[in-house]
Amino acid sequence: MIPVSVRFFGRRALQLVIVVLGIAITNFFLLRLAPGDAAQVLAGEAGSATPEYLAALRKQFGLDQPLPVQFALYLRNLLSLNLGFSFRQGLPVLELIAQRLPATLLLMGTSITFALLVGSAMGVAAARRAGRATDTVISSIALLFYATPVFWTGIMLIVVFSVWLDWLPVGGMTSIERGYTGLAYLKDVAAHLVIPATTLGLFFLAVYTRLMRAAMIDVQQQDFVRTAVAKGLRPGRIAYRHVVRNALLPVLTMLGVQVGAVLGGAVLVETVFSWPGLGRLAFEALFQRDLNLLLGILLCSSVVVVLANAAIDFLYTVLDPRIELS
Amino acid sequence: MGEPVLSVDGLSVRFDRKGGALTAVDGLSFDISAGETLAIVGESGCGKSLTALALLGLVAAPGRIEGRSVKLQGRDILGLEGEALRRLRGNRIAMIFQEPMTALNPVLTIGEQIIEAITAHEDISHQKARDRAVSLLDRVRIADPRRRVNDYPHHLSGGMRQRVMIAIALACNPALLVADEPTTALDVTIQSQILELLDQIKRESGTAILLITHDLGVVSEYSDRVLVMYAGRKVEERTTRDLLKSPLHPYTRGLIAARPGRHHVNGLRTRLSEIPGMVPSLAEMPHGCGFAARCSFVVDACRIARPPLIPVGADGAVACLRIEEARASEHAAARCDAY
């Protein structure tokens with residue numbers, strides 16, 4: 001008898017493969033629908049777009065093959081985990097992604113953690129004082145964050161904290177010129193991380209604040225909360241042990257849905273703050289018609305999203321005993 | 001019997017709203033002694049559940065609890081707030097609710113939910129509280145309590161969950177146990193088991209029980225005294241025996257007559273009798289007797305002022321001006337039946 005958890009992870013792994021393969025195939029054809037290719041862009045930049053030069057480039061990149069052949073090649077490479085070569089950057093796609101992925105994961109992870117922790121705390125505080133001044137202030141702040149465009153928040157944060165106050169760096173991920181190592185390096189990265197992570201996180205913070213507040217108020221009406229009051233539990237214990245625990249479930253669902261959106265938001269934020277992550281790489285690849293690289297990044301993003309959702313499903317079973325691994 | 005465990009004097013629950021407050025429970029007074037079960041009966045909306053909630057200060061805004069006094073073991077607990085009220089709840093007064101399916105937190109084990117009821121009031125180690133949780137589960141007749149203590153509510157049936165609720169209620173040996181329709185949501189076979197259990201606990205520990213119900217069958221088997229409520233007021237309070245044998249208030253009589261399955265004439269079942277009309281809404285409560293509009297014995301005096309509670313027998317009372325007439329008609333009806 002195979003343990004339930006092993007079967008759970010086995011099934012999730014199979015699902016992951018199917019989903020990612022589906023996404024890869026869709027992306028492949030979708031990108032081929034876009035006008036232009038890498039050869040055109042390269043030739044255009046070189047300024048000598050003769051038909052012969054274009055043909056030579058296409059032959060070199062394998063773009064002269066019929067679409068089914070290209071697709072078969074792509075699939076074969078994919079199954080052997082070969083994401084191809086970025087002719088534009090002159091490096092294997094996998095290597096490029098490996099260079100950039102940690103930065104993006106750091107940015108995403110920090111943003112989501114920040115949004116989730118602060119947003120939940122604000123939601124809890126607002127719900128416990130629903131209808132009073134604290135609630136009004138928190139709800140207004142959340143609405144403000146919700147409605148503010150991300151790029152504007154980013155620029156304003158730079159203006160205030162980098163330019164006026166000179167507390168934080170303007171962009172990038174490290175102060176290369178300082179050559180920090182060890183703890184000083186970590187502190188340097190953390191200082192660079194503050195503004196981009198806040199910018200990316202504020203919108204989601206607003207979402208979690210509102211969601212948590214609504215979920216708390218909903219759970220507070222439940223019978224078991226009345227039981228908890230009738231047992232003579234302290235108000236703090238009722239709020240955190242009984243209400244928050246149950247109110248976290250819808251927040252968690254939303255988190256799963258939004259991992260993809262956070263990744264999408266990272267593209268914009270990385271561009272604004274010249275953060276050396278996948279988002280900016282994807283942005284560049286798109287404009288240079290570097291389809292191999294773009295396909296690789298999209299594939300990698302879908303793996304991240306699918307893995308994050310699997311992790312959240314697992315977290316569900318921890319938080320809610322009614323949901324069992326199956 | 002000595003001093004009552006609970007002595008309620010003039011308890012009211014009002015809801016403030018535009019155009020004046022609504023009175024859902026109106027000047028209710030009653031006593032319960034140790035080891036005694038007082039049943040409060042009445043139809044939906046008569047204020048019986050609110051009375052139960054009011055005793056634990058569980059009436060949510062805009063509801064307002066008023067009264068002269070609510071004394072628990074001689075100490076006035078009316079108007080207690082904050083920490084003092086918290087220390088009372090679950091400790092001196094415990095409550096069992098109607099819906100066992102939703103009254104337990106789905107994400108905590110039943111053990112955790114019993115343990116926290118203990119540690120909220122007593123400064124004992126977690127291990128000791130856990131041992132007590134196991135013995136409480138044993139006391140409410142849950143088989144294999146050592147294993148069951150780690151179960152989540154969704155592992156248990158409705159009857160089992162209600163037993164867990166009772167275990168939680170008993171956690172700190174309360175002086176008063178308030179059971180708000182504890183068996184309404186359960187199967188008939190489970191109902192009697194739960195009520196037997198409550199009865200046994202009462203006999204073992206001498207806890208006073210306030211049993212809120214609409215089921216006269218439950219009343220007849222498991223209560224010592226009955227308080228009949230109508231439209232937020234007490235209309236009759238008698239010992240269970242007396243009330244069932246000779247109900248005095250026309251409403252009580254209607255209630256007893258409306259019980260299914262007891263009307264046999266020459267071995268044939270007759271139609272269920274019913275009380276005509278509807279309960280007046282709280283906003284249109286008449287000045288006089290709340291039952292006047294539905295009562296077949298009504299006279300003008302009933303509509304002018306609220307009928308006072310008239311003592312009946314040793315410790316009974318009834319709020320009706322027309323007891324004698326009602327009694328006479330009953331005798332007449334009994335004579336009719338005899339022929």
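Quick note on labels: first sequence line is chain A, next is B, and so on, each numbered from 1.
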| query | What residue in B:M101, B:H121, B:E116 has the most heavy-atom pairs under 4.5 Å with chain A? | reply | B:E116
| said: At a heavy-atom distance under 4.5 Å, which candidate from B:A117, B:P106, B:A120 has the highest pair count against chain A? | reply: B:P106
Given heavy-atom pairs under 4.5 angstrom as the criterion, report whether the side chain, backbone, both or neither of [X] touches chain A.
| X | answer |
| --- | --- |
| B:E83 | side chain |
| B:L85 | neither |
| B:A94 | neither |

| query | By salt bridge (Lys or Arg N to Asp or Glu O under 4.0 Å), which residues pair with B:D144, not counting sequence neighbours? | reply | B:R147
| query | Between atom CZ of B:R87 and atom CZ of A:R234, what is the distance when rounded to the nearest 0.5 Å? | reply | 8.0 Å
With a 6.0 Å cut-off (strictly less than), is the heavy-atom count around [atom1] of [X], excluding the residue itself, greater than 12?
| X | atom1 | value |
| --- | --- | --- |
| A:Y146 | OH | no |
| B:R146 | CZ | no |
| B:E81 | CD | no |

| query | Going by residue number, which parts of residues 241-265 of chain A are within reach of chain B, meaning a heavy-atom gap below 4.5 Å? | reply | A:R241, A:H242, A:R245, A:N246
| field | Close contacts, residues 220-233 of chain A versus chain B, judged by heavy atoms under 4.5 Å | value | A:D223, A:F224, A:R226, A:T227, A:V229, A:A230, A:K231, A:G232, A:L233
| note | Ordered numerically, the heavy-atom neighbours of chain A under 4.5 Å found in residues 160-186 of chain B are B:M165, B:I168
